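See below for the structure under consideration.
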Amino acid sequence: MALSNIEWTQMTWNPTTGCTKVSAGCKYCYAEGLSLRLQTDKVNKYRNGFKVTLHEYELATPYKWKTPQLVFVNSMSDLFHPDIPTDFIERVFNVMNETPQHTYQILTKRDERLLQVCAELNWTQNIWMGVSVEDERVISRIDSLRKTNAAVKFLSCEPLIGPLPNLNLENIDWVIVGGESGLTPRPMQKEWVLDIFRKCRASSIPFFFKQWGGKDKKAAGRLLNGRTYDEMPEIS
Ligand code: SF4
(Lines give C-alpha, C1' and ligand atoms only; values in the text may rest on other atoms or scores of the structure.)
Protein backbone atom coordinates (compact mmCIF):
# COMPACT_ATOMS: atom_id res chain seq x y z
CA MET A 1 0.00 0.00 0.00
CA ALA A 2 1.21 3.51 -0.76
CA LEU A 3 -0.29 6.98 -0.47
CA SER A 4 -1.16 8.18 -3.94
CA ASN A 5 -0.73 11.46 -5.81
CA ILE A 6 -3.57 10.46 -8.11
CA GLU A 7 -6.29 13.03 -7.48
CA TRP A 8 -9.25 10.63 -7.51
CA THR A 9 -8.02 8.14 -4.94
CA GLN A 10 -6.30 8.03 -1.53
CA MET A 11 -3.89 5.16 -1.91
CA THR A 12 -2.78 2.37 -4.17
CA TRP A 13 -2.63 -1.38 -3.58
CA ASN A 14 -0.72 -3.53 -6.03
CA PRO A 15 -1.17 -7.28 -5.49
CA THR A 16 0.23 -7.66 -9.01
CA THR A 17 2.70 -5.53 -10.94
CA GLY A 18 3.67 -5.43 -14.60
CA CYS A 19 1.70 -5.36 -17.82
CA THR A 20 1.93 -5.22 -21.63
CA LYS A 21 0.60 -2.55 -23.92
CA VAL A 22 -2.81 -3.11 -25.40
CA SER A 23 -4.03 0.11 -27.04
CA ALA A 24 -3.03 3.66 -27.93
CA GLY A 25 -3.64 4.89 -24.39
CA CYS A 26 -0.72 2.75 -23.23
CA LYS A 27 1.86 4.56 -25.38
CA TYR A 28 3.49 6.47 -22.53
CA CYS A 29 2.44 4.12 -19.73
CA TYR A 30 3.39 5.69 -16.40
CA ALA A 31 3.51 2.27 -14.68
CA GLU A 32 6.06 0.99 -17.17
CA GLY A 33 8.48 3.88 -16.67
CA LEU A 34 8.15 3.76 -12.89
CA SER A 35 8.54 -0.05 -12.76
CA LEU A 36 11.75 0.09 -14.76
CA ARG A 37 13.10 2.86 -12.56
CA LEU A 38 12.31 0.88 -9.41
CA GLN A 39 13.98 -2.19 -10.94
CA THR A 40 17.11 -0.13 -11.57
CA ASP A 41 16.91 1.05 -7.97
CA LYS A 42 16.80 -2.62 -6.90
CA VAL A 43 13.40 -2.41 -5.23
CA ASN A 44 12.59 -6.09 -4.67
CA LYS A 45 8.93 -5.83 -5.64
CA TYR A 46 10.03 -4.64 -9.08
CA ARG A 47 12.86 -7.13 -9.62
CA ASN A 48 11.06 -8.32 -12.78
CA GLY A 49 10.68 -4.79 -14.09
CA PHE A 50 7.42 -4.49 -16.02
CA LYS A 51 6.86 -8.24 -16.43
CA VAL A 52 3.59 -9.42 -14.89
CA THR A 53 4.38 -10.60 -11.35
CA LEU A 54 2.05 -11.78 -8.58
CA HIS A 55 2.70 -10.63 -5.01
CA GLU A 56 0.96 -13.09 -2.69
CA TYR A 57 2.06 -11.25 0.43
CA GLU A 58 0.06 -8.19 -0.64
CA LEU A 59 -3.18 -10.12 -0.19
CA ALA A 60 -2.79 -9.62 3.56
CA THR A 61 -2.28 -5.86 3.36
CA PRO A 62 -5.87 -4.44 3.36
CA TYR A 63 -6.69 -6.29 6.60
CA LYS A 64 -4.04 -4.17 8.33
CA TRP A 65 -5.39 -0.72 7.42
CA LYS A 66 -6.90 0.73 10.57
CA THR A 67 -9.30 3.24 8.98
CA PRO A 68 -11.53 3.02 5.88
CA GLN A 69 -9.59 3.74 2.71
CA LEU A 70 -10.33 4.62 -0.90
CA VAL A 71 -7.96 2.37 -2.81
CA PHE A 72 -6.89 2.24 -6.45
CA VAL A 73 -6.20 -1.46 -7.11
CA ASN A 74 -3.28 -2.23 -9.40
CA SER A 75 -2.07 1.21 -10.36
CA MET A 76 1.07 -0.59 -11.62
CA SER A 77 -0.64 -3.34 -13.59
CA ASP A 78 -3.97 -4.46 -15.09
CA LEU A 79 -5.82 -6.97 -12.92
CA PHE A 80 -7.42 -8.54 -16.01
CA HIS A 81 -4.16 -9.10 -17.89
CA PRO A 82 -4.11 -12.58 -19.51
CA ASP A 83 -1.02 -13.58 -17.50
CA ILE A 84 -2.86 -13.18 -14.20
CA PRO A 85 -4.56 -16.51 -13.34
CA THR A 86 -8.30 -16.35 -12.70
CA ASP A 87 -7.85 -17.89 -9.28
CA PHE A 88 -5.53 -15.02 -8.30
CA ILE A 89 -8.12 -12.47 -9.49
CA GLU A 90 -10.66 -14.35 -7.34
CA ARG A 91 -8.35 -14.13 -4.35
CA VAL A 92 -7.97 -10.37 -4.85
CA PHE A 93 -11.77 -10.10 -4.97
CA ASN A 94 -12.05 -12.25 -1.86
CA VAL A 95 -9.86 -9.78 0.03
CA MET A 96 -12.06 -6.92 -1.14
CA ASN A 97 -15.20 -8.85 -0.18
CA GLU A 98 -13.82 -9.45 3.32
CA THR A 99 -12.85 -5.82 3.91
CA PRO A 100 -16.09 -3.91 3.20
CA GLN A 101 -14.85 -0.94 5.22
CA HIS A 102 -12.60 -0.04 2.28
CA THR A 103 -13.68 1.12 -1.17
CA TYR A 104 -11.75 -0.32 -4.10
CA GLN A 105 -11.36 1.20 -7.55
CA ILE A 106 -10.26 -1.19 -10.32
CA LEU A 107 -9.46 0.09 -13.78
CA THR A 108 -8.84 -2.07 -16.84
CA LYS A 109 -8.22 -1.89 -20.55
CA ARG A 110 -8.90 -5.65 -20.85
CA ASP A 111 -12.67 -5.64 -21.10
CA GLU A 112 -12.77 -9.02 -22.88
CA ARG A 113 -11.07 -10.77 -19.95
CA LEU A 114 -13.26 -8.81 -17.56
CA LEU A 115 -16.32 -10.19 -19.33
CA GLN A 116 -14.92 -13.72 -19.33
CA VAL A 117 -14.40 -13.82 -15.58
CA CYS A 118 -16.94 -11.36 -14.17
CA ALA A 119 -19.60 -13.98 -13.48
CA GLU A 120 -17.14 -15.85 -11.23
CA LEU A 121 -16.49 -12.80 -9.08
CA ASN A 122 -18.35 -11.52 -6.04
CA TRP A 123 -19.20 -7.88 -6.73
CA THR A 124 -19.71 -6.51 -3.24
CA GLN A 125 -20.84 -2.86 -2.91
CA ASN A 126 -17.35 -1.65 -2.08
CA ILE A 127 -15.91 -2.55 -5.51
CA TRP A 128 -15.95 0.11 -8.20
CA MET A 129 -15.09 -1.10 -11.69
CA GLY A 130 -13.82 1.16 -14.46
CA VAL A 131 -12.58 0.96 -18.03
CA SER A 132 -10.16 3.31 -19.76
CA VAL A 133 -11.57 5.06 -22.80
CA GLU A 134 -8.88 7.10 -24.49
CA ASP A 135 -10.59 7.48 -27.87
CA GLU A 136 -13.46 6.23 -30.04
CA ARG A 137 -11.59 3.07 -31.07
CA VAL A 138 -12.03 1.52 -27.63
CA ILE A 139 -15.51 2.75 -26.85
CA SER A 140 -16.90 -0.81 -26.87
CA ARG A 141 -15.14 -1.33 -23.53
CA ILE A 142 -18.06 0.58 -22.02
CA ASP A 143 -20.57 -2.03 -23.25
CA SER A 144 -18.51 -4.74 -21.54
CA LEU A 145 -18.42 -2.74 -18.31
CA ARG A 146 -22.21 -2.39 -18.38
CA LYS A 147 -22.52 -6.19 -18.39
CA THR A 148 -20.73 -6.56 -15.05
CA ASN A 149 -22.47 -6.50 -11.68
CA ALA A 150 -20.22 -3.79 -10.28
CA ALA A 151 -22.14 -1.45 -7.97
CA VAL A 152 -20.26 1.56 -9.34
CA LYS A 153 -19.20 1.58 -12.97
CA PHE A 154 -16.83 4.31 -14.07
CA LEU A 155 -14.86 5.57 -17.05
CA SER A 156 -11.35 6.94 -17.05
CA CYS A 157 -11.05 9.04 -20.22
CA GLU A 158 -7.35 9.60 -19.67
CA PRO A 159 -5.22 10.20 -21.57
CA LEU A 160 -8.00 11.57 -23.74
CA ILE A 161 -6.40 11.54 -27.20
CA GLY A 162 -9.47 11.90 -29.38
CA PRO A 163 -13.10 13.04 -29.28
CA LEU A 164 -15.85 10.70 -28.03
CA PRO A 165 -18.87 11.82 -30.08
CA ASN A 166 -20.68 8.50 -29.62
CA LEU A 167 -20.21 8.27 -25.87
CA ASN A 168 -23.20 6.53 -24.27
CA LEU A 169 -23.32 7.04 -20.51
CA GLU A 170 -26.29 4.80 -19.75
CA ASN A 171 -25.68 2.94 -16.45
CA ILE A 172 -22.37 4.72 -15.91
CA ASP A 173 -21.87 6.24 -12.44
CA TRP A 174 -18.73 8.31 -12.71
CA VAL A 175 -16.49 9.83 -15.39
CA ILE A 176 -12.88 10.96 -15.02
CA VAL A 177 -11.24 13.03 -17.78
CA GLY A 178 -7.60 13.96 -18.12
CA GLY A 179 -5.00 14.95 -20.67
CA GLU A 180 -1.68 13.26 -21.27
CA SER A 181 1.47 14.60 -19.64
CA GLY A 182 5.15 13.91 -20.20
CA LEU A 183 7.80 14.83 -22.73
CA THR A 184 5.75 14.41 -25.91
CA PRO A 185 2.10 14.40 -24.83
CA ARG A 186 -0.68 14.05 -27.35
CA PRO A 187 -2.80 17.19 -26.97
CA MET A 188 -6.36 17.12 -25.64
CA GLN A 189 -8.86 19.56 -27.17
CA LYS A 190 -11.06 21.57 -24.83
CA GLU A 191 -14.11 20.78 -26.99
CA TRP A 192 -13.63 17.02 -26.37
CA VAL A 193 -13.67 17.66 -22.62
CA LEU A 194 -16.69 19.95 -22.77
CA ASP A 195 -18.61 17.42 -24.83
CA ILE A 196 -18.10 14.74 -22.14
CA PHE A 197 -18.84 17.26 -19.39
CA ARG A 198 -22.16 18.22 -21.00
CA LYS A 199 -23.17 14.56 -21.35
CA CYS A 200 -22.39 13.97 -17.68
CA ARG A 201 -24.42 17.00 -16.67
CA ALA A 202 -27.36 15.90 -18.85
CA SER A 203 -27.44 12.55 -17.01
CA SER A 204 -26.43 13.84 -13.53
CA ILE A 205 -23.26 11.77 -13.56
CA PRO A 206 -20.38 12.93 -11.29
CA PHE A 207 -17.58 14.44 -13.37
CA PHE A 208 -13.95 14.53 -12.27
CA PHE A 209 -11.54 16.68 -14.27
CA LYS A 210 -8.07 15.42 -13.41
CA GLN A 211 -5.75 17.59 -15.49
CA TRP A 212 -5.08 19.28 -18.82
CA GLY A 213 -1.70 17.55 -18.98
CA GLY A 214 0.97 18.70 -21.42
CA LYS A 215 4.71 19.10 -21.00
CA ASP A 216 4.22 21.12 -17.83
CA LYS A 217 1.12 19.63 -16.25
CA LYS A 218 1.46 21.72 -13.12
CA ALA A 219 1.35 24.93 -15.13
CA ALA A 220 -1.55 23.67 -17.25
CA GLY A 221 -3.43 22.85 -14.06
CA ARG A 222 -6.87 21.36 -13.71
CA LEU A 223 -9.34 24.22 -14.06
CA LEU A 224 -12.22 23.86 -16.46
CA ASN A 225 -14.73 26.68 -16.85
CA GLY A 226 -12.60 28.53 -14.25
CA ARG A 227 -13.09 25.92 -11.52
CA THR A 228 -12.12 22.40 -10.49
CA TYR A 229 -14.45 19.42 -10.83
CA ASP A 230 -13.72 16.76 -8.20
CA GLU A 231 -17.08 15.05 -8.21
CA MET A 232 -17.29 11.40 -7.16
CA PRO A 233 -19.93 8.79 -6.44
CA GLU A 234 -20.98 8.48 -2.82
CA ILE A 235 -19.10 5.88 -0.82
CA SER A 236 -21.64 3.49 0.68
S1 SF4 B 1 -2.98 -1.38 -19.63
FE2 SF4 B 1 -2.39 0.22 -18.20
S3 SF4 B 1 -0.67 -0.62 -17.03
FE4 SF4 B 1 -0.94 -1.89 -18.86
S5 SF4 B 1 0.50 -1.01 -20.35
FE6 SF4 B 1 -1.52 -0.08 -20.68
S7 SF4 B 1 -1.48 1.82 -19.48
FE8 SF4 B 1 0.21 0.51 -18.75
Side-chain angles (χ1 to χ4, degrees), residues 1-2 4-9 11-40 43 45-55 58 71-86 88-89 92-93 104-118 121 127-145 148 150 153-162 164 174-188 208 210-211 213-214 217:
M1 178 269 282
S4 175
N5 291 327
I6 301 168
E7 288 81 355
W8 48 262
T9 196
M11 58 177 56
T12 56
W13 172 49
N14 283 284
T16 77
T17 52
C19 197
T20 49
K21 296 185 179 185
V22 69
S23 64
C26 300
K27 187 172 184 186
Y28 301 118
C29 173
Y30 171 83
E32 180 185 34
L34 182 55
S35 297
L36 297 177
R37 232 176 15 253
L38 293 168
Q39 182 185 35
T40 304
V43 174
K45 188 169 184 180
Y46 294 90
R47 62 194 174 281
N48 297 330
F50 200 46
K51 187 174 181 297
V52 173
T53 305
L54 313 184
H55 303 284
E58 283 285 12
V71 188
F72 178 19
V73 181
N74 273 4
S75 61
M76 299 296 283
S77 182
D78 185 333
L79 188 62
F80 296 94
H81 189 283
D83 290 351
I84 300 178
T86 302
F88 196 82
I89 299 174
V92 171
F93 266 69
Y104 295 93
Q105 303 159 309
I106 312 170
L107 186 56
T108 190
K109 289 187 173 70
R110 266 101 179 171
D111 63 304
E112 288 172 10
R113 178 92 192 281
L114 170 65
L115 266 189
Q116 271 169 17
V117 301
C118 71
L121 304 170
I127 300 172
W128 299 5
M129 186 69 228
V131 292
S132 302
V133 185
E134 64 262 32
D135 63 22
E136 241 346 71
R137 289 172 289 184
V138 294
I139 206 152
S140 64
R141 288 175 184 160
I142 306 173
D143 292 325
S144 303
L145 177 65
T148 70
K153 301 177 181 66
F154 70 97
L155 309 183
S156 171
C157 304
E158 188 195 12
L160 188 64
I161 55 174
L164 297 174
W174 186 31
V175 177
I176 301 163
V177 176
E180 191 161 64
S181 53
L183 289 177
T184 50
R186 292 162 285 182
M188 177 175 70
F208 195 107
K210 185 164 170 276
Q211 62 176 30
K217 70 171 190 175

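Owing to the predicted nature of the structure, the values given are computational and were not obtained by experimental measurement. Note that ligands are numbered from 1 as they come in the structure, with each ligand's atoms numbered from 1 the same way.
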Atom 5 (S) of ligand 1: nearest protein contact (heavy atom, Å):
T20 O, 3.6 Å
At a non-hydrogen distance cut-off of under 4.0 Å, which region of R110 contacts ligand 1 (side chain, backbone, both, or neither)?
side chain
the protein heavy atom lying closest to atom 2 (Fe) of ligand 1 turns out to be K109 NZ, 3.8 Å
Using 30° and 60° as the class limits, which term best fits the ring planes of F93 and F80: parallel, tilted or perpendicular?
perpendicular
Fit a plane to each ring of Y104 and W13, take the angle between them on a 0 to 90° scale, and name the class: parallel (under 30°), tilted (30 to 60°) or perpendicular (over 60°).
tilted
Nearest protein heavy-atom contact for atom 6 (Fe) of ligand 1: which residue, which atom, what distance?
C26 SG, 2.3 Å
Give me the ring orientation class for F72 and W8: parallel if the planes are under 30° apart, tilted from 30 to 60°, perpendicular past 60°.
tilted
Using the salt bridge (Lys or Arg N to Asp or Glu O under 4.0 Å) rule, take E180 and K27 through it: C-alpha gap first, then chi angles, then the decisive distance, then the call.
CA-CA 10 Å; E180 191 161 64; K27 187 172 184 186; over 6 Å; no
State whether C29 contributes an N/O/S atom found under 2.8 Å from atom 8 (Fe) of ligand 1.
yes
Taking all non-hydrogen atoms of both residues, which atom of C26 and which atom of K109 are closest, and how far apart?
SG-CD, 3.6 Å
So, is C19 placed with an N/O/S atom under 2.8 Å from atom 4 (Fe) of ligand 1, counting both backbone and side chain?
yes
